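Worth saying up front: this structure is predicted, and the values here are computed from it rather than measured. Here is how names work: the chains are called A, B, and so on, in the same order as the sequence lines, proteins then strands, and each is numbered from 1.
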Number of protein chains: 2
Amino acid sequence: MSEEVKITTTEAKILESAKKVFYLRGLKGARMEEIAKEANINTALLHYYFRTKEKLYLKIFDDAISNFKVQILELANQDMQFEEKVKHFVEKYISLLLENSYLPIFIINELNQNPDRIIEILNVGDELRETLLLRQFNEEILKGNIRPVNFFHFLLNLLSLCVFPFISKPIFKSLFNLSEEQFTSLILERKNIIPDIILKWLKN
Amino acid sequence: MSEEVKITTTEAKILESAKKVFYLRGLKGARMEEIAKEANINTALLHYYFRTKEKLYLKIFDDAISNFKVQILELANQDMQFEEKVKHFVEKYISLLLENSYLPIFIINELNQNPDRIIEILNVGDELRETLLLRQFNEEILKGNIRPVNFFHFLLNLLSLCVFPFISKPIFKSLFNLSEEQFTSLILERKNIIPDIILKWLKN
DNA sequence: GTCTATAAAGGGATAGAC
DNA sequence: GTCTATCCCTTTATAGAC
């Protein structure tokens with residue numbers, strides 16, 4: 001029992017370090033030695049736990065995707081009115097991104113480098129079709145509360161406005177000469193701005 | 001003279017190949033051999049022209065950035081009314097991205113991997129402050145034609161809506177089960193949608 | 001300028017002791 | 001489980017002939 005605790009602890013430590021390094025440097029940029037060092041072990045032990053770099057990377061990627069997936073679907077399925085839900089979605093999503101600011105670049109890189117690994121996202125596609133958000137969206141259109149725009153554009157706009165700032169952070173920080181704190185507080189302003197934009201656009 | 005033409009031709013060919021490979025695979029993912037093969041030469045000749053992989057990469061990155069910079073500033077300095085300019089900007093920018101769809105990911109990756117190399121963008125910062133677009137933006141606010149929002153958010157929203165679709169293309173293609181053609185035609189729809197969103201948001 | 005051959009470095013992976 | 005030492009393949013870079 002105490003032995004197993006120790007195993008789990010080391011494994012957890014490796015995963016934490018691997019996550020940090022892979023998020024930051026990507027598959028090709030990451031060094032097994034850096035991961036090991038970060039976890040205060042050596043590369044031999046890394047291979048003992050995960051055999052290969054590729055396997056370790058896949059574990060990190062799978063975790064990231066399924067985590068992402070769960071949280072998105074949870075937000076999309078909240079029991080709320082449409083407008084309220086858009087606001088809630090943005091609020092929670094930006095908070096999530098603030099805690100995991102490297103995640104978007106990591107996922108985007110992986111999926112552009114290796115589009116075949118996208119199968120796991122495809123599953124979300126099916127679940128998305130049955131999501132409460134989509135149903136509500138269509139109902140609002142039928143009721144004439146919002147304009148009949150394509151759900152594709154709705155979702156894409158919503159995510160663009162939420163995610164892109166994190167991806168382009170270095171550019172905008174330098175363009176507008178912002179400190180880390182200033183940038184974060186501007187991001188927080190977006191919790192109100194984004195729903196405003198989206199809802200104004202959807203209203204007649 | 002004829003000698004110099006030959007040099008330039010090989011060099012140009014190398015740069016073209018390097019661009020293709022670096023855009024696609026990034027600094028760490030790119031192989032000098034792949035670049036050489038793509039240019040129908042061998043790696044020795046690559047090194048003859050550019051000494052190291054790093055130097056070749058930097059050349060490609062610099063070109064990309066200054067190209068990007070020129071085009072953005074040119075668009076921002078067009079002699080047009082504000083509303084018209086927003087529409088024109090989106091129209092041209094999306095066309096530009098359709099022709100260079102790998103560019104955003106390349107730049108974003110580089111700048112997140114190596115934020116110190118951002119100095120070249122900083123120059124744009126200064127020029128941006130004197131840009132016609134910013135002046136017009138402030139005038140429109142003073143005239144009461146648009147709401148007094150932060151120019152940071154205006155620019156960020158505009159770029160988010162234009163650029164993010166290209167970055168998240170694999171995700172949305174799979175999420176909505178789209179062919180290449182379907183995706184492109186949805187992108188083209190955005191030439192009208194984005195100015196609509198931005199202008200509706202800015203109007204009282 | 002361009003090539004072939006090869007050196008040198010880098011980094012993932014394993015053997016074997018503890 | 002964990003470490004040290006080391007292997008070995010991949011990839012960058014150079015030497016030297018043409």
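At least one side-chain nitrogen or oxygen of His47(A) sits closer than 4.0 Å to the OP1 or OP2 atom of dA13(C). Within the 4.0 Å cut-off from OP1 or OP2 of dT14(D), at least one side-chain nitrogen or oxygen of Arg51(B) is found. Checking the phosphate oxygens (OP1, OP2) of dT12(D), no side-chain nitrogen or oxygen of Thr52(B) falls inside 4.0 Å.
In terms of the salt bridge (charged side-chain N to carboxylate O under 4.0 Å, His left out) criterion, residue partners of Asp196(B) (sequence neighbours excluded) are, by chain and number, Arg147(A), Lys200(B). In this structure, Lys87(B) has no side chain to side chain donor-acceptor pair (under 3.5 Å) partners at least two apart in sequence or on a different chain. With sequence neighbours left out, His153(A) forms a side chain to side chain donor-acceptor pair (under 3.5 Å) with Glu189(B), Arg190(B). Scored by the ring pair (Phe, Tyr, Trp, His ring centres under 6.0 Å) test, Phe22(A) finds Tyr57(A) as partners (sequence neighbours excluded). Partners of Lys85(A) under the salt bridge (charged side-chain N to carboxylate O under 4.0 Å, His left out) rule, at least two apart in sequence or in another chain, do not exist in this structure. When the salt bridge (charged side-chain N to carboxylate O under 4.0 Å, His left out) test is applied to Lys169(A), the partners found at least two apart in sequence or on another chain are Glu180(A).
The stretch residues 70-80 of chain A participates, sequence neighbours left out, in these side chain to side chain donor-acceptor pair (under 3.5 Å) pairs: Asn77(A)-Thr131(A).
Only Ala30(B), Arg31(B), Met32(B), listed by number, bring a heavy atom of residues 19-38 of chain B to less than 4.0 angstrom from any atom of DNA chain D.
Ring pair Phe137(B)/Phe151(B) is perpendicular by interplanar angle, where above 60° counts as perpendicular and below 30° as parallel.
As rounded to whole Å, 8 Å separates atom P of dA13(C) from atom NZ of Lys53(A). The OH atom of Tyr48(B) sits 15 Å away from the C1' atom of dA15(D) (whole-angstrom rounding).
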Detail all sub-3.5 Å separations between protein N/O atoms and N/O atoms belonging to nucleotides 3-9 of chain D.
residue: dC3(D); atom: OP2; partner: Asn42(A); partner atom: ND2; Å: 3.1
residue: dC3(D); atom: O5'; partner: Asn42(A); partner atom: ND2; Å: 3.0

